[in-house]
Protein chains: 2
Amino acid sequence: MTPTGDELVVMLAALANPLRLRIVARLSGGRDYVSRMARDIGISRPLLHMHLQRLEAAGLITGSLELSEDGKAMKYYEVTDFHLQLTASAVAEAVQTLTPDPDKSPASKEQT
Amino acid sequence: MTPTGDELVVMLAALANPLRLRIVARLSGGRDYVSRMARDIGISRPLLHMHLQRLEAAGLITGSLELSEDGKAMKYYEVTDFHLQLTASAVAEAVQTLTPDPDKSPASKEQT
DNA sequence: TTCACCTGAAAGAAATCTCTTACATGTGAA
DNA sequence: TTCACATGTAAGAGATTTCTTTCAGGTGAA
């Protein structure tokens, strides 16, 4: 349940944007489909699409393609109930499961 | 105490980076000064300097310039005890104190 | 003086993120 | 058929982030 270090980075990066925060805030009030949100928020649909993908990739929202009564395909998104606890020690723990950066490790310099 | 929407974005952006997470993790184990951390972590001092500034600007760490016994200037950093609660509704609340995006507001189109 | 340590900051390359415009798909109704 | 709605994706400009290299200052000790 606790995200790995890498997952945490993805989640934080997804939330570290005003527009995406607005999107999450909006969806926390109920599910909605792409085109309507784009109209309401006042941004282009492709742009919203991109932000939604980013949020979904982070596991913060989920989307499902549904058919409306009149037969149109609508993609509804809703928030997942994530809850992250961010403190220095929580970060310290998450870092342990962070993919090592091949470059910066102390590594023995012998034997390439 | 609860950060505004704008502050939250800055904090999240500061944490949304593997290297900066490592820095926070390290400082959570005790204060340290710049050059030593750079050596240990294995990155250049200017680069570390930049990341530290970013974390300090977000209020996650604080630095203080001190004089060591042998008279050298050392900049020590330590973590602040931040704790962020990240949930959809917390985001919804923070968004209310987000600086409005002049562009995307519904705004009356008359009278430029 | 020269060396080893500490600090800060500027310049530029490379990668990533954000956003717009444009194109292509499908449906039901007029 | 054409319109109004829905979906997705690709191409490119512009801004930001990340990182290296280079320069500048300071201290105490050899």
Side-chain angles (χ1 to χ4, degrees), chain A residues 6 9-24 31-58 60-77 98-99 101-105, chain B residues 6 9-24 31-58 60-77 98-99 101-105:
Chain A
D6 298 304
V9 172
V10 172
M11 288 185 181
L12 291 171
L15 290 173
N17 176 286
L19 193 40
R20 286 196 291 268
L21 281 187
R22 285 184 204 282
I23 293 168
V24 169
R31 66 208 298 271
D32 204 352
Y33 65 94
V34 186
S35 289
R36 184 139 70 104
M37 287 186 73
R39 272 193 302 270
D40 277 24
I41 300 179
I43 62 177
S44 71
R45 194 172 50 74
L47 180 57
L48 176 59
H49 185 263
M50 189 254 274
H51 285 301
L52 289 171
Q53 277 193 320
R54 192 95 190 258
L55 287 168
E56 187 170 29
L60 300 169
I61 66 176
T62 50
S64 62
L65 193 60
E66 302 177 10
L67 288 178
S68 66
E69 288 196 1
D70 60 337
K72 282 173 187 157
M74 323 274 282
K75 182 120 186 198
Y76 277 88
Y77 278 96
L98 208 52
T99 299
D101 193 332
D103 225 43
K104 273 81 185 192
S105 51
Chain B
D6 298 304
V9 172
V10 172
M11 287 183 182
L12 291 171
L15 289 173
N17 176 286
L19 194 40
R20 285 194 292 268
L21 281 188
R22 284 184 205 280
I23 293 169
V24 170
R31 65 208 300 270
D32 204 353
Y33 65 95
V34 186
S35 288
R36 185 139 70 106
M37 287 186 73
R39 271 193 303 269
D40 277 25
I41 300 179
I43 63 176
S44 71
R45 194 174 50 74
L47 179 57
L48 176 58
H49 185 263
M50 189 255 274
H51 285 301
L52 289 171
Q53 277 193 318
R54 192 96 191 255
L55 287 167
E56 187 170 29
L60 300 169
I61 66 174
T62 50
S64 61
L65 194 60
E66 302 177 10
L67 288 178
S68 65
E69 289 195 0
D70 60 338
K72 282 175 190 157
M74 324 275 280
K75 183 122 186 196
Y76 277 88
Y77 279 95
L98 208 51
T99 299
D101 193 332
D103 225 41
K104 274 80 185 192
S105 50

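Every chain is numbered from 1, with letters handed out A, B, ... down the list of sequences. No hydrogens, no waters, no symmetry mates; every other heavy atom, side chains included, goes into these values.
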Worksheet item: Which nucleotides of nucleotides 22-30 of chain C have their base under 4.0 Å from a protein heavy atom (B), which only their sugar-phosphate (S), and which neither (-), written as one string 5' to 3'?
Response: B----BS--
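OP1 or OP2 of dA9(C) sits under 4.0 Å from a side-chain N or O of Q53(B). Using a 4.0 Å cut-off, some side-chain N or O of R39(A) falls inside it from OP1 or OP2 of dA6(D). Checking the phosphate oxygens (OP1, OP2) of dT20(D), a side-chain nitrogen or oxygen of S44(B) falls inside 4.0 Å.
The shortest heavy-atom contact between A14(B) and L55(B) is O-CD2, 3.8 Å. Closest heavy-atom contact between V34(B) and L48(B): O-CD2, 3.3 Å. The heavy-atom pair separating P18(B) from L98(A) by the smallest distance is O-CD2, 3.8 Å. Shown here for E56(A) and G63(A), the closest heavy-atom pair between the two residues is OE2-N, 3.0 Å. Shortest non-hydrogen contact noted between V10(B) and A57(B) is CG1-O, 4.3 Å. Scanning both residues, M11(B) and A58(B), for their nearest heavy atoms gives CG-O, 3.5 Å.
Atom CD1 of I43(B) is separated from atom P of dT20(D) by 8 Å (rounded to the nearest Å). When rounded to the nearest whole Å, the span between CD of E66(B) and C1' of dG26(D) equals 17 Å. Whole-Å rounding puts the D40(B) CG to dC5(C) C1' distance at 15 Å. Atoms CG (L55(A)) and P (dT18(C)) sit 10 Å apart, rounded to a whole Å. Computed from coordinates, the L52(A) CG to dC17(C) P distance equals 17 Å when rounded to whole Å. Residue L48(A) contributes atom CG, which lies 11 Å from atom P of dC19(C) at whole-angstrom precision. Protein atom NE2 of H49(B) is 13 Å distant from nucleotide atom C1' of dA24(D), rounded to whole Å. Distance, K75(B) NZ to dT27(D) P: 18 Å, rounded to whole Å.
Partners of H51(B) by side chain to side chain contact (heavy atoms under 4.5 Å, CB included), not counting sequence neighbours, listed by chain and number: N17(B), L19(B), R20(B), I23(B), L47(B). In this structure Q53(B) satisfies the side chain to side chain contact (heavy atoms under 4.5 Å, CB included) test together with H49(B), sequence neighbours excluded.
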Worksheet item: Pairing of DNA chain D as dot-bracket, 5' to 3': ( ) intra-strand, [ ] crossing, | other strand, . unpaired, with Watson-Crick or G-U pairs under 3.5 Å?
Response: ||||||||||||||||||||||||||||||
N/O-N/O pairs, protein side and nucleotides 13-18 of chain D side, under 3.5 Å:
residue: dT18(D); atom: OP1; partner: N17(B); partner atom: ND2; Å: 3.1
residue: dT18(D); atom: OP1; partner: R20(B); partner atom: NH2; Å: 3.3
residue: dT18(D); atom: OP2; partner: R20(B); partner atom: NH1; Å: 3.1
residue: dT18(D); atom: OP2; partner: R54(B); partner atom: NH1; Å: 2.6

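Separating the CZ atom in R45(A) from the CE atom in M37(A) is a distance of 13.5 Å, to the nearest 0.5 Å. Separating the CG atom in L52(A) from the CG atom in L60(A) is a distance of 11.5 Å, to the nearest 0.5 Å.
The residue E69(A) sits apart from the nucleic acid: no heavy atom pair falls under 4.0 Å.
Applying the side chain to side chain donor-acceptor pair (under 3.5 Å) rule to pairs touching residues 62-75 of chain B yields R31(B)-E66(B), S64(B)-E66(B), S68(B)-D70(B), sequence neighbours excluded.
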